[in-house]
Amino acid sequence: MRVVLDHITKRFSDVTAVSEFNATLEDGELVSLLGPSGCGKSTLLNMLSGILPVSGGKIYFDDQDVTSMPPEKRGIGLVFQNYALYPHMTVMGNICFPLETQRVPKAERIERANEIAKLVHVDMLMNRKPSELSGGQQQRVAIARALATNPKVLLCDEATSALDPKTTRQILELIRDINQKLNITVVIITHQMSVVKEVCSHVAILDDGCVAEEGM
Ligand code: ADP
Ligand code: MG
């Protein structure tokens, strides 16, 4: 899916977190948003996913204006730095959860969870709890959970920032693999230049809520 951000602005009372941000993410592209802490990356991502309303501007998915569409209707998968897994649920339970919310029948949920778990290589960990997993494994599960409902866009907010360099590379390889195999648009948000160099074909650099630079 093609994503267009057209003059997106976010104001929090006295702070303008994102200012007239423009970008076009082509269908199937792996894009990175790079910028220092506090420059508005998460705010932008949260507007893209619909968690935060915009103060100004428009968001389009293909030709549809989704600016006021609620998050659950947008078809977006989210991955965060802190994994945010449900601690009392197994890996299977975590991956199935978004499908349960969508009232997918149980047999279908399990089949889908097994399929996606294979793709991210956690299929041998299905009965473990998050506390029994390494950071890299937890992030794989979080990615599987984000993909369970077949989103058209995957948004990763500092998804590798809590991981060591080797695990970071493995997770980035996985994300690239998912981007190619599932042909979904992926946005990687990071403050680490090394992450961008590793995976992305297209990068937008943010500075104080504006695009400072764009390139390959
Ligand atoms: P980044 O993800 O790039 O580190 P953020 O998008 O989290 O940056 O924050 C951008 C700016 O917006 C910061 O100055 C931050 O303090 C401010 N900000 C973010 N969320 C809120 C909020 N809910 N209320 C007020 N200010 C906020
Ligand atoms: Mg952030």
Side-chain angles (χ1 to χ4, degrees), residues 3-25 29-61 66-72 74 76-85 135-136 138-143 145-147 151 153-165 167-169 171-172 174-176 178-179 185-215:
V3 176
V4 176
L5 300 169
D6 181 12
H7 294 86
I8 294 298
T9 296
K10 184 68 192 182
R11 284 180 290 269
F12 296 109
S13 54
D14 55 336
V15 184
T16 301
V18 174
S19 174
E20 307 260 331
F21 183 89
N22 294 307
T24 298
L25 320 178
E29 199 171 29
L30 178 56
V31 185
S32 157
L33 279 173
L34 175 71
S37 186
C39 76
K41 303 184 296 298
S42 296
T43 303
L44 190 63
L45 205 91
N46 291 337
M47 290 190 284
L48 194 47
S49 68
I51 295 170
L52 261 185
V54 305
S55 308
K58 295 269 180 206
I59 302 170
Y60 300 93
F61 288 176
V66 299
T67 316
S68 328
M69 188 185 276
E72 66 277 8
R74 292 197 189 190
I76 276 189
L78 288 171
V79 181
F80 301 101
Q81 174 172 356
N82 61 5
Y83 324 126
L85 298 174
Q138 289 186 58
Q139 196 56 297
R140 284 175 190 271
V141 176
I143 291 169
R145 186 181 56 183
L147 293 173
V153 182
L154 181 67
L155 303 178
C156 308
D157 191 355
E158 303 278 6
T160 58
S161 297
L163 302 172
D164 61 68
T167 313
T168 293
R169 265 198 306 280
I171 294 292
L172 292 174
L174 173 68
I175 291 173
R176 190 166 43 193
I178 286 164
N179 169 247
T185 309
V186 177
V187 185
I188 292 183
I189 289 220
T190 182
H191 67 278
Q192 295 172 300
M193 188 60 186
S194 56
V195 164
V196 174
K197 284 192 175 145
E198 193 82 33
V199 281
C200 294
S201 55
H202 177 171
V203 55
I205 299 169
L206 259 90
D207 189 18
D208 271 342
C210 300
V211 177
E213 226 176 296
E214 218 174 324

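Just follow the structure's listing: the first ligand is 1, and inside any ligand the first atom is 1.
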Looking at side-chain heavy atoms only, is the closest gap between [X] and [Y] below 4.5 Å?
X	Y	value
E20	I8	no
L34	T190	yes
L48	F61	yes
L5	I59	yes
V3	T24	no

List ligand 1 atoms under 4.0 Å from [X], heavy atoms only on the residue side.
X	value
S37	4 (O)
T43	5 (P), 6 (O), 9 (O), 10 (C), 19 (C)
P36	3 (O)

Legend entry - Main-chain N/O of A159 paired with Q139 side-chain donor or acceptor, under 3.5 Å: yes

Inset, instruction - Tell me which protein heavy atom sits closest to atom 7 (O) of ligand 1, plus the residue, atom name and distance to 0.1 Å. - result: S42 CB, 3.9 Å

Legend entry - Closest protein heavy atom (residue, atom, distance) for atom 19 (C) of ligand 1: F12 CE1, 3.5 Å

Legend entry - Candidate list L33, N179, L172, test side chain to side chain contact (heavy atoms under 4.5 Å, CB included), partner I188, passing option: L172

Inset, instruction - Measure the CZ-CG distance between R145 and L85 for me, rounded to the nearest 0.5 Å. - result: 5.0 Å

Inset, instruction - Kindly compute the distance separating NZ (K10) from OG (S42), expressed to the nearest 0.5 Å. - result: 13.5 Å

Inset, instruction - Scan the protein's non-hydrogen atoms and note whether one is under 4.0 Å from atom 11 (C) of ligand 1. - result: yes

Inset, instruction - Check whether any protein heavy atom sits under 4.0 Å from atom 1 (P) of ligand 1. - result: yes

Inset, instruction - Decide whether the shortest distance between a heavy atom of S13 and an atom of ligand 1 is less than 4.0 Å. - result: no

Legend entry - Heavy atom of C39, distance to ligand 1 below 4.0 Å: yes

Inset, instruction - Begin with the C-alpha distance, continue with both residues' side-chain angles, and end with the deciding distance and a verdict on side-chain contact (heavy atoms from CB on, under 4.5 Å) for R74 and S49. - result: CA-CA 7 Å; R74 292 197 189 190; S49 68; 5.9 Å; no

Legend entry - Polar proximity ligand 1 side, G40 side, N/O cut 3.5 Å exclusive: yes

Legend entry - ligand 1 N/O within reach of G38 N/O, cut-off under 3.5 Å: yes

Please tabulate, one pair per line, all N/O donor-acceptor pairs under 3.5 Å involving side-chain atoms of residues 76-84, not counting sequence neighbours.
none

Legend entry - Environment of the Mg ion (ligand 2) in terms of protein N/O/S atoms, cut-off under 2.8 Å: S42 OG

